[in-house]
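Worksheet for the structure shown next.
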Amino acid sequence: MKPRKMWTVALLAATVMTSVAACGSGGDKAAGDKVELRFSYWGSDSRQKLTEQVIKKFEQKNPTINVEGDFSDFANYYEKLATKVAANDAPDVMSIEIRGLGEYAGRGALADMAGKVPTTDFDQQALAAGNIDGKQYGIPSGVNAFSMLVNKATIEKAKQKVPDDKSWTWDDWINLAKQISASGTGLTGAEYNYNPAWLQIFAAQRGEKLYDGKKLGVSPDTLKAWWGIHQQLIQTKGSPDAAKSSELIAGGVEQSPLGTNTGATGMWWSNQLGGLSKASGQELTLLRMPKTKEATTGGMFLQPSMFYTVGAKSEHPAEAAKFIDFMTNDPDAAAILLSDRGLPINAKVLAAVKDKLPAVDQKTLAFIDEVRSELGPIAAPPKGALQVDDILKRITEEVVFAKTTPDAAAQKFLTEANAAVAG
């Protein structure tokens, strides 16, 4: 469901739900005067298990607070959350991506958390990404970077070499993918996706921004060049065709070419290395993203994996802040969560649990440390970004399925996207 329609449906649902929902968010005190908090989050079964463990640890340390986990798969998360927020039944603590932070803050759904959670030892660049118009609406859970992942074994099986990620170009990636797919091994060279982080990196390499304030900053030429990469991968058989690729994108980590050892390269967030490695059972490697030939910057950025936010109408803001403090600043929490929500945002906490990180997470940490000086700052996009992501996916599919031309698609995307962020 598109975000704008989602909010409309949510508001309609609210007229029904408010007759039965509690006034304001959160819950009343339970027997024994315990405060009841609700914490909404999305993820896999493994994340749910980890979250239940970390909640139990928090409750042991804070016996006057109970936390109810409000779990959802990612596909339904924002629709479910929008309905609850519109009905004045928002969870006390909500997990929100950077692309949704401006949306919820702009609708008055989030509390200003400035000074409510200790952040002295946080990565300050990542922390700043949760600040909108001078208010700290989001507290980062951890950090990651959108990167290229490769399976060295499958590349070598196709008699190719892992590229030098300090110098490779998009053309190099397309050619590598073509050679792997044509190797007779049954392997697919590359998987592409519609993630706006890829477009943001590509635009930065061309001296542009995905968002320029409250409008799109990417040019039609950059959009056409970006879609051109998708088209070249399909035309050279470096990637599956459009129909198969759409199916694989919907399948997530477990069904991806990297996850099933049927592919050699693909773009994922760095904190997904663990899930992909577990699915594949093989060693995967993080690389810098390819560049355009004239690029003076790699365009990559350090991004909060997600934000913890507090509902503006929560009846228990102090307890909600205490829970977020625990999730981000307590080594016991980090020892359970490890890199599931990104590498710990608190430098001291990261140091405390570094030796406990599994080998794959050590690898992620080493990669982030290696490229950190190359990673640019990130800011929360404007309200409407959730809708822009849907528009980008839809129009990209129209291009790769040859239902429209890149020229027409670029104008259509910019018109619709600018209307979305303009409100």
Side-chain angles (χ1 to χ4, degrees), residues 35 37-43 47-48 50-62 65 67-71 91-98 100-101 104-105 110-132 135-145 269-271 274 302-311 314 316-357 361 364-365 368 372 377-378 380:
V35 168
L37 295 180
R38 279 187 294 138
F39 168 47
S40 65
Y41 66 99
W42 69 84
R47 174 172 291 170
Q48 185 178 23
L50 290 174
T51 304
E52 289 172 352
Q53 291 175 38
V54 83
I55 286 175
K56 184 176 180 180
K57 177 62 70 173
F58 172 77
E59 290 175 340
Q60 288 174 353
K61 291 192 170 190
N62 298 273
I65 305 173
V67 179
E68 175 191 351
D70 187 359
F71 172 76
D92 300 277
V93 180
M94 297 172 278
S95 303
I96 294 179
E97 298 171 282
I98 194 169
L101 193 66
Y104 281 82
L110 306 180
D112 181 3
M113 295 301 294
K116 304 297 175 59
V117 174
T119 58
T120 303
D121 298 314
F122 282 21
D123 182 298
Q124 295 302 302
Q125 181 173 297
L127 178 65
N131 191 295
I132 299 175
K135 294 185 178 181
Q136 191 70 42
Y137 290 110
I139 303 297
S141 66
V143 293
N144 60 11
W269 290 102
S270 57
N271 70 315
L302 191 69
Q303 176 168 301
S305 313
M306 63 187 74
F307 291 99
Y308 298 125
T309 67
V310 173
S314 171
H316 309 296
E319 289 82 1
K322 181 174 285 191
F323 178 67
I324 295 175
D325 180 18
F326 172 76
M327 294 288 278
T328 55
N329 289 317
D330 195 308
D332 285 344
I336 295 170
L337 297 173
L338 298 174
S339 68
D340 178 69
R341 287 173 166 86
L343 292 169
I345 187 71
N346 182 314
K348 290 182 178 178
V349 169
L350 178 58
V353 301
K354 181 177 179 179
D355 292 341
K356 298 177 184 178
L357 292 173
D361 291 336
T364 302
L365 177 58
I368 293 294
R372 188 178 289 270
I378 183 73

Does the side chain of [X] reach to within under 4.5 Å of the side chain of [Y], using non-hydrogen atoms?
X    : Y    : answer
V93  : T309 : no
W42  : S95  : yes
I96  : M306 : no
I378 : Q125 : no
V310 : L110 : no

With a 3.5 Å distance limit and no angle check, can you tell me whether [X] reaches the backbone of [Y] through a side-chain donor-acceptor pair?
X    : Y    : result
E59  : V67  : yes
D123 : A126 : yes
Q136 : A128 : no
D325 : V117 : no
S270 : A145 : yes

Nearest 0.5 Å please: distance from the CD1 atom of I139 over to the CG atom of L127.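 Reported value, rounded in 0.5 Å steps: 6.0 Å.
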
Which value, rounded to the nearest 0.5 Å, describes the distance between L343 atom CG and L357 atom CG?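 CG of L357 is found 7.0 Å from CG of L343.
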
Under 30°, 30 to 60°, or over 60°: which ring-plane class applies to Y41 and F71, parallel, tilted or perpendicular?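 Judged by the thresholds at 30° and 60°, the geometry between Y41 and F71 is tilted.
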
What are the two closest non-hydrogen atoms of [X] and [Y], and how far apart are they?
X    : Y    : value
V349 : A334 : CG1-CB, 3.3 Å
P140 : I345 : O-CG2, 3.6 Å
I98  : A129 : CD1-CB, 4.1 Å
V54  : F326 : O-CE2, 3.5 Å
N62  : K322 : OD1-CD, 3.1 Å

Quick one about S40 and D70 (side-chain donor to acceptor, distance below 3.5 Å, no hydrogens or angles considered), yes or no?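 Note: D70 and S40 side chains miss the donor-acceptor criterion.
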
Sorted by first residue and then second, give each side-chain hydrogen bond (donor to acceptor under 3.5 Å, both in side chains) pair with at least one member in residues 331-352; sequence neighbours left out.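 As it turns out, the side-chain hydrogen bond (donor to acceptor under 3.5 Å, both in side chains) pairs with a partner in residues 331-352, which skip direct neighbours, are R47-D340, T51-R341, K61-D332, N329-N346, S339-D361.
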
